[in-house]
Amino acid sequence: PRGLDDMRDAAARIQAAGLRVGIHTLTACIQPSDPWITPEPSPHLIPFDTYTLARDFSPTDTVLYVKEQPSARHDTVFTYSGNGNAIRIDKEIIQYSEISREPPYAFKACKRGVFRTKPSAHAAGDQADYLQQRYISFYPQPDSPLADELSACIARVFNACKLDQLYFDGSEGMMSR
């Protein structure tokens with residue numbers, strides 16, 4: 001209930017008993033409820049693919065037309081082990097549940113302003129980033145300011161709790177080791 005204070009106290013009690021303390025993290029994972037996602041998604045999230053809007057996209061439109069054929073690896077649901085269905089355009093994240101891989105190319109049945117982002121108008125020619133997702137999380141681009149911030153948060157917990165070990169799990173989602 002007291003967050004880091006409770007973690008620090010628990011680690012100290014474990015170490016006082018003569019044991020070592022470590023943590024297992026999904027290291028690079030950023031939850032959709034995190035301030036790096038909502039209300040405005042970081043521009044430093046990994047885009048798995050990038051598309052160009054073929055038509056204007058009003059705040060109430062539910063079909064997103066793109067110039068490029070959507071990749072076969074895109075999912076239509078947001079699941080733990082799937083690739084996800086989230087697209088970022090500027091400061092809005094959109095989720096879709098249908099894909100048209102035949103012309104006109106489109107992401108359909110779009111839910112606008114997901115993860116408490118704000119639906120807004122987007123112009124033909126704007127960039128739409130299909131976001132890298134795994135474990136119900138997004139990822140920072142390696143070597144970005146966002147990756148540095150995330151690393152600093154992990155280091156703060158490690159140092160505050162005087163931990164003996166840290167297991168970096170989940171970094172495969174950054175498409176880099």
Side-chain angles (χ1 to χ4, degrees), residues 23-54 57 61-102 105-120 122-158 166-177:
I23 58 173
H24 173 179
T25 66
L26 281 173
T27 305
C29 295
I30 302 171
Q31 292 183 344
S33 61
D34 194 276
W36 289 316
I37 304 298
T38 183
E40 291 184 8
S42 170
H44 302 290
L45 299 171
I46 294 177
F48 207 40
D49 288 304
T50 298
Y51 298 96
T52 307
L53 271 60
F57 192 50
D61 285 342
T62 59
V63 178
L64 175 65
Y65 293 95
V66 295
K67 291 183 178 181
E68 300 83 8
Q69 183 180 27
S71 169
R73 64 183 166 209
H74 296 341
D75 289 335
T76 56
V77 293
F78 200 73
T79 62
Y80 184 79
S81 59
N83 291 324
N85 63 341
I87 293 177
R88 176 190 57 207
I89 306 174
D90 193 30
K91 296 177 181 175
E92 179 183 5
I93 297 180
I94 299 144
Q95 287 184 302
Y96 57 86
S97 57
E98 299 174 27
I99 302 173
S100 174
R101 291 189 173 91
E102 301 296 326
Y105 305 126
F107 296 93
K108 299 179 175 183
C110 292
K111 184 176 176 187
R112 304 296 302 274
V114 296
F115 310 125
R116 296 187 340 224
T117 63
K118 185 178 180 196
S120 56
H122 307 285
D126 283 356
Q127 179 175 309
D129 292 326
Y130 174 76
L131 295 175
Q132 169 69 7
Q133 180 263 308
R134 184 70 58 189
Y135 313 127
I136 311 287
S137 299
F138 297 106
Y139 288 86
Q141 293 173 339
D143 300 320
S144 70
L146 179 56
D148 290 343
E149 279 185 62
L150 196 137
S151 297
C153 290
I154 293 168
R156 186 175 63 247
V157 171
F158 184 89
L166 173 60
Y167 175 51
F168 293 102
D169 193 5
S171 61
E172 65 275 5
M174 290 179 71
M175 301 186 302
S176 164
R177 293 289 181 161

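Residues: numbered from 1 along the sequence shown.
- Aromatic ring centres of F78 and F115 lie closer together than 6.0 Å.
- Paired with T52 under the rule side-chain hydrogen bond (donor to acceptor under 3.5 Å, both in side chains), one option of Q127, K67, E68 passes, and it is E68.
- At least one donor-acceptor pair under 3.5 Å links the side chain of T117 to the backbone N or O of V114.
- Here Y51 and F107 bring their ring centres to under 6.0 angstrom of each other.
- Relative to the ring axis of F57, R112 places its NZ or CZ within 45° and under 6.0 Å from the centre.
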- Message: Apply side-chain hydrogen bond (donor to acceptor under 3.5 Å, both in side chains) to residues W36 and Q31 and explain how you reach the verdict.
- Response: CA-CA 9 Å; W36 289 316; Q31 292 183 344; over 6 Å; no
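- Not one N or O on the side chain of S71 forms a donor-acceptor pair closer than 3.5 Å with the backbone of H74.
- With rounding to the nearest 0.5 angstrom, the CD1 atom of I94 is 10.0 Å from the CG atom of L131.
- Side-chain atoms of D169 never come within 3.5 Å of backbone atoms of T25 as a donor-acceptor pair (strictly under, hydrogens ignored).
- From S97, atom OG reaches atom CG of D75 across 12.5 Å, with rounding to the nearest 0.5 Å.
- Listed by chain and residue number, H24 satisfy the ring pair (Phe, Tyr, Trp, His ring centres under 6.0 Å) test with Y167 (two or more places apart in sequence, or in another chain).
- One distance of note links SG of C110 with CG of D61; it measures 9.0 Å at 0.5 Å rounding.
- With D129 contributing its side chain and R88 its backbone, the two residues share no donor-acceptor pair below 3.5 Å.
- One distance of note links CG of L53 with OH of Y65; it measures 12.0 Å at 0.5 Å rounding.
- A donor-acceptor pair is defined here as one N or O able to donate and one able to accept, closer than 3.5 Å; such a pair exists between the side chain of E92 and the backbone of S120.
- Of the possible donor and acceptor atoms, one in the side chain of Q133 sits under 3.5 Å from a partner among the backbone N and O of G84.
- Taking the ring centre of Y139 as origin, the terminal cationic atom of R134 falls outside the region bounded by 6.0 Å and 45° from the ring axis.
- A centroid separation of 6.0 Å or more is found between the aromatic rings of H44 and F138.
- In the model, T76 has no side-chain atom that pairs as donor or acceptor with a side-chain atom of N85 under 3.5 Å.
- Between the CD1 atom in I30 and the CD1 atom in I136 there is a gap of 15.0 Å [rounded to 0.5 Å].
- Note that CG of D34 is 11.0 Å distant from SG of C29, once rounded to the nearest 0.5 Å.
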